[in-house]
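What follows is a set of notes on a single structure, which appears directly below.
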Amino acid sequence: MQTLSPLLNPPENEQILLTQAQRLAGYTLGELATLARLPIPKDLKRDKGWIGVLLEVWLGASAGSKPEQDFAALGIELKTIPVDRLGRPLETTFVCVAPLTGNTGVSWETSHVRHKLKRVLWVPVEGERQIPLAQRHIGTPLLWTPSEEEEQQLRQDWEELMDLIVLGQVERITARHGEVLQLRPKAANSKALTNAFGADGAPILTLPRGFYLKKNFTAALLARHFLL
DNA sequence: TACTGATCATGT
DNA sequence: ACATGATCAGTA
């Protein structure tokens, strides 16, 4: 009888990664945290990334804040996604920070968004706050690559948002822009500012922004897998 | 109650 | 300040 244990090194291939992720399905966060000897916070208020770190440990991702894909050798990004009892996303999904300067000549093909989403291992986790953190279950993982339709949706929103940024309209962008991809603040707080350009072309200080996948998009990609 | 704008921890 | 990991929480 083999005991479930965290991967100590990056998985050597996709199959090993996927198999390990599938093994975790059905376990609770409390069980996995105890086995990995990771302290369990009371809730996520001050540990918003805790579930992500826990899964990184179990799947052998090089944990920490390196500007790489989680499984660089495999070209795979890991995303945990909080879902309700029906498997629908409870939150938007952060993709990457949006570049507000130095965007002359940037294209969708070479964008960070496209690179990040090229191949993603989605791990659904029960996320309803009424369920104590330790009792939330891991769901069935999904190794995903954007379909042509999904990539076109992403590309259209990305180009529209980047056009506004380049035109100095970043402060007029709200989370309502974009059908599947949105731009929202991504900062420690509202006092953290970064450089951008205003409508008149002059430099301005503004909140750092990030690209996020809207829930309708992640809901559809999860449903396509689990209902089809 | 869904959504948008704001926020939390940690490491480089 | 910015990258990693995201969720919180006020208000429409």
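Naming: A, B, ... by sequence-line order, numbering from 1 per chain. On a predicted model such as this, the values are computed, not experimentally measured, just so you know.
When rounded to the nearest whole Å, the span between NZ of A:K48 and P of B:dA6 equals 13 Å. A straight line from NZ of A:K79 to C1' of C:dG5 spans 8 Å, rounded to a whole angstrom. For the pair A:E77 CD and C:dA6 C1', the interatomic distance rounds to 12 Å; values are reported in whole Å. Atom P of nucleotide C:dT4 and atom CD of A:E56 are separated by 11 Å, given to the nearest angstrom. Nucleotide B:dA2 holds its C1' atom 20 Å from the CZ atom of A:F217, rounded to whole Å. Protein atom CG of A:L213 is 12 Å distant from nucleotide atom P of C:dA6, rounded to whole Å. When the C1' atom of B:dA6 is taken as reference, atom OH of A:Y212 falls 9 Å away, rounded to whole Å. The nearest whole Å value for the distance from the CZ atom in A:F94 to the P atom in B:dC3 is 20 Å.
Side-chain nitrogen and oxygen atoms of A:K215 include none within less than 4.0 Å of the OP1 or OP2 phosphate oxygen of C:dT7. Contact between the side-chain N/O atoms of A:T80 and the OP1/OP2 oxygens of C:dG5 is not found at any separation under 4.0 Å. Taking 4.0 angstrom as the limit, A:R46 places a side-chain polar atom (N or O) nearer than this to OP1 or OP2 of B:dA9.
Taking a 4.0 Å limit (strictly below) on heavy-atom distances, residues 186-197 of chain A reaches DNA chain B at A:K186, A:A187, A:A188, A:N189, A:S190. Sorted by residue number, the members of residues 170-182 of chain A with any non-hydrogen atom under 4.0 Å from DNA chain B read A:T174, A:A175, A:R176, A:Q182.
In the helix from B:dT1-C:dA12 to B:dT12-C:dA1, the end axes, each obtained as the rotation axis mapping the C1' atoms of four pairs onto the next four within a five-pair block, lie 30° apart to the nearest 10 degrees.
Screening residues 77-97 of chain A for ring-ring contact (aromatic ring centres under 6.0 Å, His included) gives A:F94-A:Y212 as the qualifying pairs, with residues at least two apart or on separate chains. Every pair passing side chain to side chain donor-acceptor pair (under 3.5 Å) that includes a residue from residues 6-17 of chain A is listed here, sequence neighbours excluded: A:E14-A:R119, A:Q15-A:T19.
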Side-chain polar contacts of residues 35-54 of chain A - donor-acceptor pairs under 3.5 angstrom, sequence neighbours left out - could you list them?
| residue | atom | partner | partner atom | Å |
| --- | --- | --- | --- | --- |
| A:D43 | OD1 | A:K45 | N | 2.9 |
| A:W50 | NE1 | A:P39 | O | 3.1 |

Show me the donor-acceptor pairs within less than 3.5 Å that the side chains of residues 188-205 of chain A make with the rest of the protein, sequence neighbours left out.
| residue | atom | partner | partner atom | Å |
| --- | --- | --- | --- | --- |
| A:N189 | OD1 | A:K191 | N | 2.7 |
| A:N189 | OD1 | A:A192 | N | 3.3 |
| A:D200 | OD1 | A:A202 | N | 3.0 |

Please output the side-chain donor-acceptor pairs of residues 129-140 of chain A that fall under 3.5 Å, not counting sequence neighbours, one pair per line with the distance.
| residue | atom | partner | partner atom | Å |
| --- | --- | --- | --- | --- |
| A:R136 | NE | A:I131 | O | 2.9 |
| A:R136 | NH2 | A:I131 | O | 3.2 |
| A:H137 | ND1 | A:E126 | OE1 | 3.1 |

May I have the list of side-chain donor-acceptor pairs in residues 221-228 of chain A shorter than 3.5 Å, sequence neighbours left out?
| residue | atom | partner | partner atom | Å |
| --- | --- | --- | --- | --- |
| A:R224 | NH2 | A:E150 | OE1 | 3.1 |
| A:R224 | NH2 | A:E150 | OE2 | 3.3 |

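Annotation: A:K214, atom NZ; neighbour count of heavy atoms from other residues, nucleotides and ligands within 6.0 Å is above 12. Remark: A:E179 CD is loosely packed, at most 12 non-hydrogen atoms of other residues, nucleotides or ligands lying under 6.0 Å away. The number of heavy-atom neighbours closer than 6.0 Å to CD of A:Q156, taken from other residues, nucleotides and ligands shown, is 12 or below.
When the side-chain contact (heavy atoms from CB on, under 4.5 Å) test is applied to A:E159, the partners found at least two apart in sequence or on another chain are A:W108, A:R155.
Counting any heavy atom pair closer than 4.0 Å across all strands shown, A:G52 reaches sugar-phosphate atoms only and no base atom. Residue contacts for A:L207: at a heavy-atom cut-off of 4.0 Å it reaches the sugar-phosphate backbone alone, with no base atom in range.
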Are there any protein N/O atoms within less than 3.5 Å of an N/O atom in nucleotides 9-12 of chain C, and if so, which ones and at what distance?
| residue | atom | partner | partner atom | Å |
| --- | --- | --- | --- | --- |
| C:dA9 | N7 | A:R129 | NH2 | 3.4 |

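Annotation for A:L90: hydrophobic cluster partners, listed by chain and number, are none (ILVMFWY side-chain heavy atoms under 4.5 Å, direct or chained).
Heavy-atom nearest nucleotides on DNA chain C were determined for A:R136 and for A:W50, and the one closer to the 5' end corresponds to A:W50. With DNA chain B read from its 5' end, the first of the two nearest nucleotides for A:D47 and A:K214 is the one closest to A:K214.
Annotation for A:Q69 and A:I76: closest pair CB-O, 3.7 Å, computed over non-hydrogen atoms. In terms of heavy-atom proximity, A:C96 sits nearest to A:H112 at SG-CB, 3.8 Å.
Applying side chain to side chain contact (heavy atoms under 4.5 Å, CB included) to A:L17 and the options A:L78, A:L143, A:L74 leaves one that passes, A:L74.
Set against B:dT7, C:dC2, B:dT4, the side chain of A:T92 has B:dT4 as its closest nucleotide.
Using cut-offs of 30° and 60° for the angle between ring planes, the A:F217 and A:W144 rings count as perpendicular.
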